[in-house]
Amino acid sequence: MHALLKVSDWIEAVLGHIAAAGAWAFIACIAVITLDVVTRKFGFQLPEMGSTRLQELEWHLHAVLFCTWLGYAYLRNAHVRIDVFIAGVGPRGRLWLEFWCCLLFALPYLLVALPYAQEFFLVSLRQGESSDAPTGLPARWVVKGFLYLGFLTVLAAVLAVLARCVVALFGSAELAARAHTPFAHKS
């Protein structure tokens with residue numbers, strides 16, 4: 001049980017670092033949006049950075065931000081839940097619900113989706129895919145790589161949550177308290 005907590009803590013730390021690195025995309029996105037608005041307002045363009053490229057860069061940066069935070073958001077219980085199903089359920093019941101939903105829904109979905117996301121990225125990389133727009137960004141495979149990374153971070157987060165659920169459900173009272181499962185206490 002101690003090992004499960006250590007692995008879960010390690011996964012959480014790694015996902016925290018990935019999210020912190022990805023958060024810089026927010027600052028970059030603000031700069032790109034500002035540059036796009038200002039250049040369009042005053043009618044000038046930077047060489048090799050027309051409005052099409054800037055707008056594509058905006059959604060690429062949004063994708064980076066979203067995909068680097070997916071797993072971490074799940075660990076922090078910052079995702080959408082259908083609370084109507086858990087409104088009258090106590091903390092232990094929520095742990096069981098989380099445990100079974102991870103096993104029956106999240107893991108099977110991820111195990112099916114991950115190979116497709118990987119192939120989506122690798123085909124784009126091998127083909128040197130770029131924007132469909134003549135003045136768009138090259139290297140579309142980069143953003144598709146972040147989509148694959150997003151799925152990997154969710155898989156890691158689900159495994160960490162499962163480990164914490166196992167400790168909280170089957171471990172000693174001391175270990176269960178250390179499992180700190182915030183999703184079990186959300187109202």
Side-chain angles (χ1 to χ4, degrees), residues 1-30 32 56-82 94-132 136-170 178-184 186:
M1 295 288 175
H2 288 286
L4 286 176
L5 284 179
K6 284 186 185 234
V7 168
S8 185
D9 288 342
W10 180 81
I11 290 171
E12 190 170 331
V14 169
L15 293 180
H17 290 302
I18 291 170
W24 286 100
F26 184 67
I27 303 299
C29 194
I30 291 170
V32 169
E56 285 186 4
L57 187 56
E58 288 170 25
W59 74 260
H60 283 219
L61 291 169
H62 277 108
V64 168
L65 181 62
F66 179 77
C67 290
T68 56
W69 274 83
L70 273 174
Y72 190 70
Y74 177 57
L75 284 178
R76 292 288 172 222
N77 200 31
H79 56 51
V80 175
R81 285 189 184 272
I82 303 173
R94 290 179 188 189
L95 279 170
W96 278 109
L97 188 61
E98 192 75 29
F99 176 80
W100 285 113
C101 286
C102 283
L103 283 179
L104 297 175
F105 299 110
L107 281 180
Y109 172 78
L110 290 164
L111 294 176
V112 168
L114 263 167
Y116 287 103
Q118 181 184 30
E119 189 63 19
F120 187 61
F121 161 62
L122 291 175
V123 166
S124 182
L125 176 64
R126 286 190 291 260
Q127 293 176 347
E129 183 182 7
S130 63
S131 171
D132 290 336
L137 291 175
R140 177 68 51 89
W141 57 269
V142 173
V143 74
K144 290 183 177 184
F146 275 98
L147 178 64
Y148 179 51
L149 173 69
F151 277 108
L152 289 173
T153 64
V154 172
L155 176 62
V158 166
L159 293 174
V161 166
L162 264 174
R164 291 190 187 282
C165 284
V166 167
V167 171
L169 289 168
F170 304 110
R178 283 188 41 219
H180 62 84
T181 52
F183 47 84
K186 185 176 180 183

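Predicted, not measured: the structure shown is a model, and the values here were computed from it. In this chain, residues are counted from 1 in sequence order.
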Quick check for you: to the nearest 0.5 Å, what is the distance between L61 atom CG and F146 atom CZ? 9.5 Å

Can you tell me how far the OH atom of Y148 sits from the CG atom of L122, to the nearest 0.5 Å? 7.5 Å

Return the minimal non-hydrogen interatomic distance between A160 and I11, and the atom names on each side. CB-CG2, 3.8 Å

Counting only heavy atoms not in W59, do more than 12 fall under 6.0 Å of its CH2? yes

Would W96 and F170 count as a close aromatic pair, with their ring centres under 6.0 Å? yes

Quick check: closest heavy atoms across P108 and C102, and the distance to 0.1 Å? CD-O, 4.1 Å

Any side-chain heavy-atom pair from C29 and L65 closer than 4.5 angstrom? no

Mind listing the closest non-hydrogen atom pair of D132 and R140 along with its distance? N-NH2, 4.4 Å

How long is the gap from NZ on K6 to CE on M1, to the nearest 0.5 Å? 15.5 Å

Check: L137 main-chain N/O paired with E56 side-chain donor or acceptor under 3.5 Å: yes

Pairing of R164 and E98 as salt bridge, 4.0 angstrom limit: no

Side-chain donor/acceptor of W69 to backbone N/O of A19, under 3.5 Å: yes

Can you give me the closest heavy-atom contact between F120 and K144, atom names plus distance? CZ-CE, 3.3 Å

dist L162:CG -> L159:CG (nearest 0.5 Å) comes out at 6.5 Å

Provide the closest heavy-atom pair for G22 versus T68 in the form atom of the first, atom of the second, distance. CA-OG1, 3.2 Å

Side chain T153, main chain G150, donor-acceptor under 3.5 Å: yes

Non-hydrogen side-chain atoms of W141 and E129 separated by less than 4.5 Å: no

Take F151 and L110 through the side chain to side chain contact (heavy atoms under 4.5 Å, CB included) test and state the conclusion after the steps. CA-CA 7 Å; F151 277 108; L110 290 164; 3.8 Å; yes

So do L155 and L107 actually touch side chain to side chain, heavy atoms under 4.5 Å? yes

Exercise: identify the closest heavy-atom pair between P138 and S130: CA-CB, 3.6 Å

